[in-house]
2 protein chains.
Amino acid sequence: MIRILLAEDQALVRQGVKMMIEQDEQLKVVAEAANGLEAVQQIETRLIDLVLMDIRMPGMNGLEATKIIKKRWPHIKILMLTTFNDDEYAVQALKDGASGFLLKTAERQKLIDAIYSCMNGGMTIHEEVAAKVVPRLLEHTKREPVTIPLTPRELAITQLVGEGKTNKEIAETLHLSVGTVKNHITQILQKLELRDRTQLAIYAIKHDLV
Amino acid sequence: MIRILLAEDQALVRQGVKMMIEQDEQLKVVAEAANGLEAVQQIETRLIDLVLMDIRMPGMNGLEATKIIKKRWPHIKILMLTTFNDDEYAVQALKDGASGFLLKTAERQKLIDAIYSCMNGGMTIHEEVAAKVVPRLLEHTKREPVTIPLTPRELAITQLVGEGKTNKEIAETLHLSVGTVKNHITQILQKLELRDRTQLAIYAIKHDLV
DNA sequence: TTTAGAAAGTGACTAAAGTCATAGCTCTGT
DNA sequence: ACAGAGCTATGACTTTAGTCACTTTCTAAA
C-alpha cells in the first residue's frame with residue numbers, strides 16, 4: 001500500500017484527485033495539506049511514501065516544501081502537480097529532487113501510472129510539460145563542436161583571454177614577451193574576424209574554451 | 001493493443017524483453033530488428049506504435065535511427081534501452097525525440113509501466129539513468145539568481161559590454177557621451193571588483209545578462 | 001633544397017580603455 | 001527643505017591594447 005500526502009490548496013481539486021487515485025486499492029491518501037508548511041508538518045507526524053505537491057500554494061509554496069522535505073526525508077518521493085503555465089518552476093523543482101511532473105488536468109490512468117512508476121524509481125514528466133521543459137534544459141547543451149582554426153599557441157592565449165587575463169599576465173604564464181602575446185592576439189582576431197580581446201573573451205566562453 | 005518494434009542486436013536480450021512484455025496481453029512485439037537500419041525498414045512496412053530501441057547496435061545505432069524515425073513518423077513513440085554506461089548518449093537521444101530511458105536490467109513491471117506511461121504521453125526515465133542525466137542537464141542551468149548590485153543604467157552598459165561593444169558604440173546606443181560611459185564602467189568595475197571590460201564581459205555572460 | 005607555416009621577438013606608433021576630480025541635474029524619501 | 005542616489009558631462013591624465021614592419025628560428029611538407 002502506498003501512503004500518499006496530498007498537498008494542494010484548492011479543496012475541490014484535492015477532493016477530485018483523492019477520488020481518482022483511491023479508486024486504485026493500492027493507493028491511499030493518508031494526509032492532506034493546504035500549503036507547504038502543513039505538508040512538512042504532516043510528514044513529521046505521519047508515515048508517508050509519496051507526496052503529490054501543488055506548485056502554487058499560499059504561504060509556503062511547493063518548491064520550498066519540496067526542498068525541505070527532500071533534505072530531511074530523502075526517501076520520500078515527490079510528484080509535482082502543475083498547470084500548463086508552471087513550467088517556469090519545473091527546472092527548479094527537478095533540482096530540488098522532485099520525481100516528476102503531472103498535470104492537474106490529466107486523466108486518472110496517467111496519474112496512477114506516474115505514481116507507480118515513481119515508486120519504482122522512475123521519473124515521469126507528462127508530455128505537455130516535458131515539451132516545454134526538456135527543450136529548455138537542452139538549449140544550454142547544444143554547443144556544436146565547431147573546429148576553431150587556431151594553432152595550439154593561439155588557442156592557449158585565447159583561453160587565457162577568456163579568463164580575463166591581461167597581456168602581461170598571459171606573457172608571464174606562457175613565458176613570452178608582452179609583444180609576442182600582442183602579435184598572437186592580432187593574428188587570432190584576424191582569423192576569427194573579431195575586433196578586440198573583449199569580443200575574443202566572449203567567443204572563448206561561447207565556444208566552451210574556458 | 002500496442003504494437004511494438006524491438007530493436008536490439010543481442011538476440012538473447014531481445015528474447016528476454018519480448019517474453020517480459022508479452023506477459024501483458026495488451027502488448028505485442030510485431031517486429032524485431034538487429035540494428036537501426038533494419039528498424040527503419042520494419043517501420044516502412046509495418047504498423048508500429050512504439051519502438052524499444054537499444055542505443056548501441058552495429059551498423060546504424062539507436063541514436064541515428066531515433067532521429068530518422070522521429071523525423072518521418074513523429075507519432076511513433078521511442079523508448080531507449082540503455083545500460084548503466086550509456087548516459088553519454090542520453091542527452092542526444094532526448095534531443096532526437098526519445099520518450100524515455102529504460103535500463104535493460106529493469107524488472108518487468110518497470111518496463112511495462114514505462115510503456116504505458118509513454119503511450120499516454122509521458123516521459124519515463126529510470127532512476128539510475130535520471131540520476132546521471134538530470135544533473136548533467138541541470139548543471140548548465142544552475143545560475144542562481146544573484147542580485148547584481150547595479151543601477152539600471154549600469155546594467156544596460158554591462159549588457160552592451162557583454163555583447164562586445166566599444167565605449168563609442170555604447171555611447172551611441174544609449175545617447176551618451178563616451179566620457180559618461182567610461183565613468184559608468186569605472187563604477188561598475190569597482191562594484192563588481194573586476195579589472196577591465198573583458199572581465200566584465202565574462203561576468204555578464206556567466207550571469208546570463210546577455 | 002627550397003618553401004611555408006608556426007613561434008618568438010623588437011620597436012614605434014595609434015587608438016582605446018580606464019582613472020580621477022569636479023560639477024550640474026533630477027528624483028525620492030525623510 | 002535637504003540629503004542621497006542616480007545620471008550626465010568635461011578635461012586631463014596614465015595605462016593597456018592593438019597594429020605594423022621586420023627579423024630569427026625551427027620544422028615539416030613539396
Side-chain angles (χ1 to χ4, degrees), chain A residues 58-59 88 140 143-210, chain B residues 143-210:
Chain A
E88 286 294 332
H140 294 282
R143 298 175 172 86
E144 57 269 27
V146 265
T147 41
I148 296 156
L150 296 181
T151 66
R153 250 295 123 89
E154 290 169 347
L155 208 59
I157 290 174
T158 300
Q159 282 174 242
L160 291 168
V161 170
E163 290 170 17
K165 301 286 173 65
T166 63
N167 287 340
K168 194 170 157 224
E169 288 170 334
I170 295 173
E172 280 162 8
T173 306
L174 301 178
H175 308 292
L176 300 175
S177 78
V178 176
T180 302
V181 175
K182 287 183 177 182
N183 287 339
H184 278 303
I185 287 185
T186 298
Q187 263 290 110
I188 296 168
L189 295 178
Q190 270 182 2
K191 280 191 186 174
L192 302 181
E193 297 184 319
L194 300 173
R195 194 170 47 192
D196 52 42
R197 62 163 56 247
T198 304
Q199 294 191 344
L200 180 56
I202 295 169
Y203 178 97
I205 294 177
K206 298 229 158 149
H207 290 76
D208 262 350
L209 299 180
V210 280
Chain B
R143 301 171 174 85
E144 55 267 29
V146 265
T147 40
I148 297 158
L150 297 180
T151 67
R153 250 291 121 93
E154 290 169 347
L155 208 60
I157 289 174
T158 301
Q159 281 174 242
L160 291 168
V161 170
E163 289 170 16
K165 301 283 173 65
T166 63
N167 287 340
K168 195 171 156 222
E169 288 170 334
I170 294 173
E172 282 162 8
T173 305
L174 302 179
H175 308 293
L176 299 176
S177 79
V178 176
T180 303
V181 175
K182 286 184 178 181
N183 286 340
H184 279 303
I185 288 184
T186 297
Q187 262 290 112
I188 297 168
L189 294 178
Q190 268 182 4
K191 278 191 187 175
L192 303 181
E193 298 185 319
L194 301 172
R195 193 169 47 192
D196 52 41
R197 61 163 57 248
T198 303
Q199 293 191 344
L200 180 55
I202 294 167
Y203 178 97
I205 294 178
K206 298 229 160 147
H207 290 76
D208 261 352
L209 299 180
V210 280

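Atom set for the values below is all heavy atoms of this structure, side chains included, hydrogens, waters and symmetry mates excluded. A note on names: the letters A, B, ... follow the listed sequences, proteins ahead of strands, and every chain is numbered from 1.
Remark: P of dG9(C) and CD of Gln187(A) are 16 Å apart, rounded to the nearest angstrom. Following rounding to the nearest Å, Asn183(B) (CG) and dG24(C) (P) show an atom-to-atom distance of 16 Å. Atom CD1 of Ile170(B) is separated from atom C1' of dC7(D) by 16 Å (rounded to the nearest Å). In this structure, NZ of Lys182(A) is placed 17 Å from C1' of dC22(D), rounded to the nearest angstrom. Look at CG on Leu150(B): it is 16 Å from P on dA5(D), rounded to the nearest Å. Atom pair Asn167(A):CG and dA16(C):P shows a separation of 17 Å (rounding to whole Å applied). The interatomic distance linking Ile185(B) (CD1) with dA9(D) (P) rounds to 14 Å, in whole Å. Rounded to a whole Å, the CD1 atom of Ile157(B) is 9 Å from the P atom of dC7(D).
The side chain of Arg197(B) has dA17(C) as its nearest neighbour among dT10(D), dA17(C), dA17(D).
Residues Leu160(A) and Leu174(A) meet the side-chain proximity criterion, which asks for heavy atoms closer than 4.5 Å.
Distances shorter than 4.0 Å separate none of the side-chain N or O atoms of Arg153(A) from OP1 or OP2 on dA6(C). Close to dT10(D), at under 4.0 Å from its OP1 or OP2, lies no side-chain N or O of Thr180(B). Put simply, His184(B) has no side-chain N or O that comes within less than 4.0 Å of OP1 or OP2 on dC7(D). Between Thr186(A) and the phosphate of dT19(D), there is a side-chain N or O to OP1/OP2 separation shorter than 4.0 Å. At dA6(C), none of the side-chain N or O atoms of Thr151(A) fall inside 4.0 Å of OP1 or OP2 (strictly under the cut-off).
Put simply, the side chain of Gln199(B) gets close to the backbone of Arg195(B): a donor and an acceptor are under 3.5 Å apart. The backbone N or O of Lys165(A) sits less than 3.5 Å from a side-chain atom of Arg197(A), completing a donor-acceptor pair.
Mapped onto DNA chain C by nearest heavy atom, Leu194(B) and Glu154(A) fall at different nucleotides, with Glu154(A) at the one closer to the 5' end. Each of Leu189(B) and Pro152(A) was matched to the nucleotide of DNA chain C holding its nearest heavy atom; the match closer to the 5' end belongs to Pro152(A).
Between His184(B) and Ile157(B), the shortest heavy-atom distance links the atoms CB-CD1, 3.4 Å.
Residue Leu192(B) holds its CG atom at 10.0 Å from CD of Gln187(B), rounded to the nearest 0.5 Å.
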